[in-house]
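Numbering of residues begins at 1 and proceeds along the displayed sequence. Both counts, for ligands and for their atoms, begin at 1 and track the order of listing. Remember, it's a predicted structure, so these values are computed and weren't measured experimentally. Side chains included, hydrogens not; waters and symmetry mates left out as well; all remaining heavy atoms used.
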Amino acid sequence: MIVGFWIAVTGLALVLFLAIHLGGVGMALLDPLGFERFATSLHQQAWLPWLEVGLLAAGLGHPLLSLHRARVNRQARGPAASPLRSRRQGPWESLTALAARLIPWSGSLLLLFLAVHLVQLRWHRPPAGAELATVLTVLQAPWCLALYGAAGLAAGLHLLHGAESAVRRLGLLDPAHAAALRLGGRGLALLLGAGFTLLPLALVLRPAVPLLAGG
Ligand code: HEM
């Protein structure tokens, strides 16, 4: 029970980070100078290392606790138990059922992506004013572009199941608010999934836009 609570809390903290992160990196597309100013000022903040420690704890705690719970559940149910199925019907339900089945795979892909992503853009800090150029250099490699796109899809799928599961774990999914919370969770999953899938492509294609318009 307490494990499920912390899986939900760390998951929701990561979702909050992802929403802020999408807003931040979205600025690279809409307002490149504002994005550089934002990145420079962020790295001058004394609270940033504390925030990063919290993020690291949530980023490690969430998958470790989930693995622990999966192992305990497997032992309790036994190998012959069939997976739980939703009784609701409809296209969204099939997609959420698929997202639930793929949760270990989408989570593993996100962890792999994060290891690559942090080495590329966090460990090796670009000089002030060169953040966007560094992101674009990373995305020039086709395998990186594919990995970023796949991570966006994985984030959307992971959240599709995770958002609903988290509010249920925290006891917030009562019948009066269930429909609104379910809709909100799915909307957020769609927004973050589509945003992180399309943004790398949009960033790579962005320099071609003035050339096309001018030519
Ligand atoms: C369009 C896709 C993305 C772009 C262009 C992007 C860009 C960046 C950049 C430039 C940084 C360095 C920020 C800084 O240190 O100032 C960063 C850090 C980070 N990104 Fe992303 N990112 C993307 C997607 C993601 C996704 C999908 C996740 C999570 C699954 C993620 C998780 C992180 C984390 C945890 C950090 C470290 C934050 C910190 O320590 O301050 N990013 N990203």
Could you list the cluster mates of Leu16? Members are the ILVMFWY residues connected by side-chain heavy atoms closer than 4.5 Å, either directly or through other members. Ile20
Decide whether the shortest distance between a heavy atom of Pro200 and an atom of ligand 1 is less than 4.0 Å. yes
Checking Glu36 side chain against Leu132 main chain: does a donor-acceptor pair fall under 3.5 Å? yes
Do Leu139 and Met27 belong to the same hydrophobic cluster, where Ile, Leu, Val, Met, Phe, Trp and Tyr are linked whenever their side-chain heavy atoms lie under 4.5 Å apart, directly or via other members? yes
Looking at Ala8 and Arg169, what are the two nearest heavy atoms and their distance? CB-CB, 3.9 Å
Rounded to the nearest 0.5 angstrom, the CZ-CG distance for Phe196 and Leu22 is 4.5 Å
Closest non-hydrogen contact found for Leu102 with Leu157 is CD1-CD1, 3.9 Å
Taking N or O atoms only and a 3.5 Å limit, does His43 qualify as a polar contact for ligand 1? yes
Do Val138 and Leu145 touch side chain to side chain, with heavy atoms closer than 4.5 Å? no
Decide yes or no for Val3 and Val72: does some side-chain heavy atom of the first lie under 4.5 Å from some side-chain heavy atom of the second? no
Quick one: nearest non-hydrogen protein atom to atom 36 (C) of ligand 1, plus distance? Leu118 CD2, 3.4 Å
Which residues and atoms, counting only protein N, O or S, are under 2.8 Å from atom 21 (Fe) of ligand 1? His21 NE2, His117 NE2
Atoms of ligand 1 close to Leu18 [distance to a heavy atom under 4.0 angstrom, numbered from 1]: 28 (C), 29 (C)
Starting from atom 34 (C) of ligand 1, which protein heavy atom do you reach first, and at what distance in Å? Phe17 CZ, 3.5 Å
Find all atoms of ligand 1 within a distance of less than 4.0 Å from any non-hydrogen atom belonging to Val135, and give their numbers and elements. 5 (C), 10 (C)
So, His62 side chain and Ile7 main chain: donor-acceptor pair closer than 3.5 Å or not? yes
Relative to the heavy atoms of Glu52, which atoms of ligand 1 are at a distance of less than 4.0 Å? 39 (C), 40 (O), 41 (O)
Considering only the protein, which heavy-atom contact is closest to atom 26 (C) of ligand 1, and what is its distance? Phe113 CE2, 3.4 Å
Under-4.0 Å heavy-atom contact with ligand 1, by part of Leu51 that carries it: neither
Which of the numbered atoms in ligand 1 are below 4.0 angstrom from a heavy atom of Phe196? 2 (C), 23 (C), 24 (C), 25 (C), 27 (C)
Under 3.5 Å between any N/O of Glu131 and any N/O of ligand 1: does that happen in this structure? no
How far apart are the closest heavy atoms of Gly185 and Ala163, and which atoms are they? CA-CB, 3.9 Å
Are the charged groups of Arg122 and Glu131 less than 4.0 angstrom apart, N to O? no
